[in-house]
**Q** 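One structure follows; several queries about it will come next.
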2 protein chains.
Amino acid sequence: MQTPRSSLEQWRVLQAVIDYGGFAKAAEQLHRSQSSVSYSVAKLQQQLGVELLVMKGRKACLTQKGETLLRRSRELLNEAISLENLANSMEQGWEPDISLVVDAAFPVHLLMEALKHFTPHSRGTRVQLNEVILSGAEQALEEGWADLVIGVHVPKGYLGDLIVEIEFVAVASPEHPLHQLGRGLRSDDLRQQVQVVIGDSGNVRPMEWGWLGEQRWTVSSIDKAVTTVCHGLGFSWLPRHQIETELVEGRLKPLPLSEGQCFKADLYQVFGHPERIGPATRKLAEILMEVSHQQ
Amino acid sequence: MQTPRSSLEQWRVLQAVIDYGGFAKAAEQLHRSQSSVSYSVAKLQQQLGVELLVMKGRKACLTQKGETLLRRSRELLNEAISLENLANSMEQGWEPDISLVVDAAFPVHLLMEALKHFTPHSRGTRVQLNEVILSGAEQALEEGWADLVIGVHVPKGYLGDLIVEIEFVAVASPEHPLHQLGRGLRSDDLRQQVQVVIGDSGNVRPMEWGWLGEQRWTVSSIDKAVTTVCHGLGFSWLPRHQIETELVEGRLKPLPLSEGQCFKADLYQVFGHPERIGPATRKLAEILMEVSHQQ
DNA sequence: ACCACATATCTAAATTTTAGATAATTATAC
DNA sequence: GTATAATTATCTAAAATTTAGATATGTGGT
């Protein structure tokens, strides 16, 4: 293990010179003298053996190498700040890691949005994300390693709130026989066709979403279900948000059911065991809830 | 933008205390005095406001928080070292980034193995990986943004070497009609069935792998082809290494072709434009070649 | 040519870090 | 239980580093 020659301070100064547009302005922002800034930058360059800045006229400009190194040094500084934030936060009972378990039916864009909003509040806490299908969520809770779970129901003994309604649409490929009948469909019609269902990622007690058909194809992910149905192999109830493009591009078409063409499934946000959850988990839960309700 | 209070030096000392088993031993390894080590650790703790070490008897032991923070500080130190390595390497003409473009048929485990071996030699260089299908590789070369490409052929004007032979096997689901005939199959038999082919990710000049069938389903990834064929929708030539589990578990079965049941495709490693490639790219290429040939 | 602006350099002061000596604490041997 | 070895904490002075302030050097605009 080697020891770094440069220091975070030095990189910080370099960043300030660029961000505030000069040695003097950086000095002011950093509450140091201009000569101190000059010294730091010079020493950093000398230690690295790389020319980071070059004087163009009377303006200090980054070299090509300087630009690359500055970009990466920003990541380094962020990680350092994050480490210190974590130290400080843990003193106040913040968790260093959150295990977030999310049912695959939960819209990915909401998840991303929530995580983006969470980062500035994270104070160094990291989120470990697990995607599960159906009872996998409950299993994560019962095995005790999940801090926060988004799943299809709230198991007995846990605290949970409705977070989002997912609309499931019955769809098939436009070439599928069900689309050739030219009339409204009843459940009898469906019963004679292959239904594609998504298998359960847990193994406690298998559950299934679709319930009608006699003939079933079970696939292991929503993506695979979409592919399968697109290929005309059967019909399925799929989350609308997962098949937007396929609907627009005509690879999937909603079935003209006379009743129950789509149904809503509720997803709930559930907290893990009380002794595991702390303020970071609660903050993340709050943000997930906000993001999901405003859209 | 805030400035970190702790320094890389301090974290380095903490690591040494743990790794070498004590303040005195750490001091020796770091060529410092024991009091200096003691001072550094004490100051780090004071600055963070966190107790990192606790004396158990006469042994310094990490607290729970200390353990978490130490773990993350190692990542921080590694990133810092990597940054300095990059600075040093760029002086010697090393590239800060390599754009590696790989055809989806290339075995992932070889890629992972190669990248693992490359890391210790990377000197801070980062690899940006792009997966493409068929002509996407050539396109990346011609658009000039790829440093190293693994694809199905060597375009005119480029330098390339054979890196690996991929075995393609004709397969279908065990329930597929082609498996019900109970005899060896000729190309006539295949012509009457749906062939699943993988679409081209480039758009310069479309190419396709399979050539026989009249009826085709084009999918956009090897994974989707596998799923599709598993569902009995057709047959396909698929890379053997991609369907090992499906063959073992019986979801796919090789077709009993009287001739040409499998064919080999060569994958070539091709260098990008000479002005882009540097020593890091050459090193990565060398490792990819080694890894691919020894397995 | 001159002035305003910006960085480099020089020197001394201020600050931080280090080493060495010693104190304090604890496990181990007798 | 006491001596002893092992280990960290603390104290002080020395060493090293970093800072500020003054000034030199260099550039662009008028």
Side-chain angles (χ1 to χ4, degrees), chain A residues 2-63 65-67 70 73 77 80 84, chain B residues 2-63 65-67 70 73 77 80 84:
Chain A
Q2 32 182 345
T3 304
R5 309 178 102 47
S6 59
S7 74
L8 296 173
E9 277 278 321
Q10 291 171 325
W11 291 109
R12 172 71 190 96
V13 171
L14 177 67
Q15 288 177 24
V17 168
I18 301 304
D19 295 347
Y20 301 122
F23 284 48
K25 284 165 190 162
E28 196 189 350
Q29 295 286 332
L30 296 172
H31 310 293
R32 282 153 203 250
S33 66
Q34 173 265 320
S35 70
S36 174
V37 169
S38 180
Y39 173 81
S40 294
V41 173
K43 192 166 179 202
L44 177 60
Q45 295 185 107
Q46 178 234 311
Q47 283 171 334
L48 295 175
V50 174
E51 202 177 40
L52 300 169
L53 294 176
V54 72
M55 296 305 296
K56 275 190 179 170
R58 56 195 192 197
K59 204 85 183 169
C61 291
L62 278 173
T63 62
K65 289 168 193 165
E67 202 174 319
L70 175 62
S73 78
L77 265 281
E84 293 183 5
Chain B
Q2 33 184 341
T3 303
R5 301 194 45 60
S6 60
S7 73
L8 296 172
E9 277 278 321
Q10 291 171 326
W11 290 108
R12 172 71 190 100
V13 170
L14 177 67
Q15 288 176 25
V17 168
I18 300 306
D19 295 346
Y20 300 121
F23 284 47
K25 285 167 191 161
E28 196 189 348
Q29 294 285 332
L30 296 173
H31 310 293
R32 294 171 192 283
S33 68
Q34 171 266 317
S35 69
S36 175
V37 170
S38 180
Y39 172 81
S40 295
V41 173
K43 190 163 178 203
L44 178 60
Q45 294 184 105
Q46 179 234 310
Q47 283 171 334
L48 295 174
V50 174
E51 204 177 38
L52 300 168
L53 295 175
V54 72
M55 298 304 298
K56 276 190 179 169
R58 59 192 188 197
K59 206 84 184 168
C61 291
L62 277 172
T63 61
K65 289 168 193 164
E67 201 174 318
L70 175 62
S73 78
L77 265 281
E84 295 183 4

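Note on naming: letters A, B, ... go to the chains in the order of the sequence lines (proteins, then strands), and numbering restarts at 1 for each one.
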**Q** Looking at the side chain of B/Ser33, which of D/dT10, C/dA19, D/dG26 is the nearest nucleotide?
**A**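 Ranking D/dT10, C/dA19, D/dG26 by closest atom to the B/Ser33 side chain puts C/dA19 first.
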**Q** Output the single nucleotide from C/dT7, D/dT8, D/dG26 whose closest atom is nearest the side chain of A/Ala24.
**A**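 Between C/dT7, D/dT8, D/dG26, the one nearest the side chain of A/Ala24 would be C/dT7.
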**Q** Between atom CZ in B/Arg5 and atom P in C/dT16, what is the gap in whole Å?
**A**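 Going from CZ in B/Arg5 over to P in C/dT16 covers 10 Å.
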**Q** Taking the nucleotide of DNA chain D with the nearest heavy atom to each, does B/Met55 or A/Gly57 sit closer to the 5' end?
**A**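 Looking at the nearest nucleotide for each, B/Met55 comes out on the 5' side.
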**Q** Are more than 12 heavy atoms, taken from residues, nucleotides or ligands other than A/Gln15, located less than 6.0 Å from that residue's CD atom?
**A**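 Result for CD/A/Gln15: enclosed.
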**Q** Look at the side-chain N and O atoms of A/Arg32 and state whether any lies under 4.0 Å from the OP1 or OP2 oxygen of D/dT19.
**A**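 Result: yes.
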**Q** In this structure, how many angstroms lie between the P atom of D/dT18 and the CD atom of A/Gln46, rounded?
**A**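 My rounded result for the distance is 11 Å.
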**Q** Would you tell me if any nitrogen or oxygen in the side chain of A/Lys59 comes within less than 4.0 Å of OP1 or OP2 on D/dT27?
**A**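 Checking D/dT27 against A/Lys59, no side-chain N or O comes under 4.0 Å of OP1 or OP2.
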**Q** Carefully, step by step, assess B/Ser6 and A/Glu84 under the rule side chain to side chain contact (heavy atoms under 4.5 Å, CB included).
**A** CA-CA 8 Å; B/Ser6 60; A/Glu84 293 183 5; 2.4 Å; yes
**Q** Rounded to whole Å, please give me the gap between CG in A/Leu53 and P in D/dG26.
**A**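 Taking CG of A/Leu53 and P of D/dG26, I get 19 Å after rounding.
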**Q** Can any side-chain N or O of B/Glu51 pair as donor or acceptor with the backbone N or O of B/Thr63 at less than 3.5 Å?
**A**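 Such a contact is absent between B/Glu51 side chain and B/Thr63 backbone.
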**Q** Looking at C/dA4, D/dT19, C/dA8, which one has an atom nearest to any side-chain atom of A/Tyr39?
**A**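 Between C/dA4, D/dT19, C/dA8, the one nearest the side chain of A/Tyr39 would be D/dT19.
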**Q** Classify B/Phe23 by what it touches in the nucleic acid, base, sugar-phosphate, or nothing, heavy-atom distance under 4.0 Å.
**A**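 Counting heavy atoms under 4.0 Å across all strands, the contact made by B/Phe23 is with sugar-phosphate only.
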**Q** OP1 or OP2 of C/dG20 sitting under 4.0 Å from any side-chain N/O of B/Ser36?
**A**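 Result: no.
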**Q** In whole Å, what is the span from the CG atom of A/Leu44 to the P atom of D/dT18?
**A**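 So the CG-P distance, A/Leu44 to D/dT18, works out to 11 Å.
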**Q** B/Lys43 or B/Gln34: which one's nearest nucleotide on DNA chain C is closer to the 5' end?
**A**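 Closest to the 5' end, via its nearest nucleotide, is B/Lys43.
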**Q** What is the distance, rounded to the nearest whole Å, between atom CG of B/Leu30 and atom P of C/dT18?
**A**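 Result: 10 Å.
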**Q** Give a yes or no on whether the backbone of B/Gln34 and the side-chain of B/Ser38 come within a donor-acceptor separation of less than 3.5 Å.
**A**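 Checked: no pair found.
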**Q** If I compare all heavy atoms of B/Val17 with all of B/Leu53, which pair ends up nearest, and what's the gap?
**A**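 Residues B/Val17 and B/Leu53, closest heavy atoms: CG1-CD1, 4.2 Å.
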**Q** For A/Glu28 and C/dC5, give me the distance from atom CD to atom P, rounded to whole Å.
**A**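 Atom-to-atom, A/Glu28 to C/dC5, this comes out as 14 Å.
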**Q** On the nucleotide D/dT18, are OP1 or OP2 found under 4.0 Å from the side-chain N or O atoms that A/Ser7 carries?
**A**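 The answer is no; no side-chain N or O of A/Ser7 sits under 4.0 Å from OP1 or OP2.
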**Q** Can you measure B/Lys56 atom NZ to C/dT25 atom P for me and round it to whole angstrom units?
**A**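 These atoms are roughly 20 Å apart.
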**Q** Any donor-acceptor pair under 3.5 Å joining the side chain of B/Ser35 to the base of C/dG20?
**A**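 In this structure, the two groups form a donor-acceptor pair.
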**Q** Could you tell me the separation between the CG atom of B/Leu8 and the C1' atom of C/dT17, rounded to a whole number of Å?
**A**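 My rounded result for the distance is 17 Å.
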**Q** Starting at the 5' end of DNA chain D and moving along, which residue's nearest nucleotide shows up first, B/Lys25 or A/Arg58?
**A**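 Nearer the 5' end of the strand: B/Lys25.
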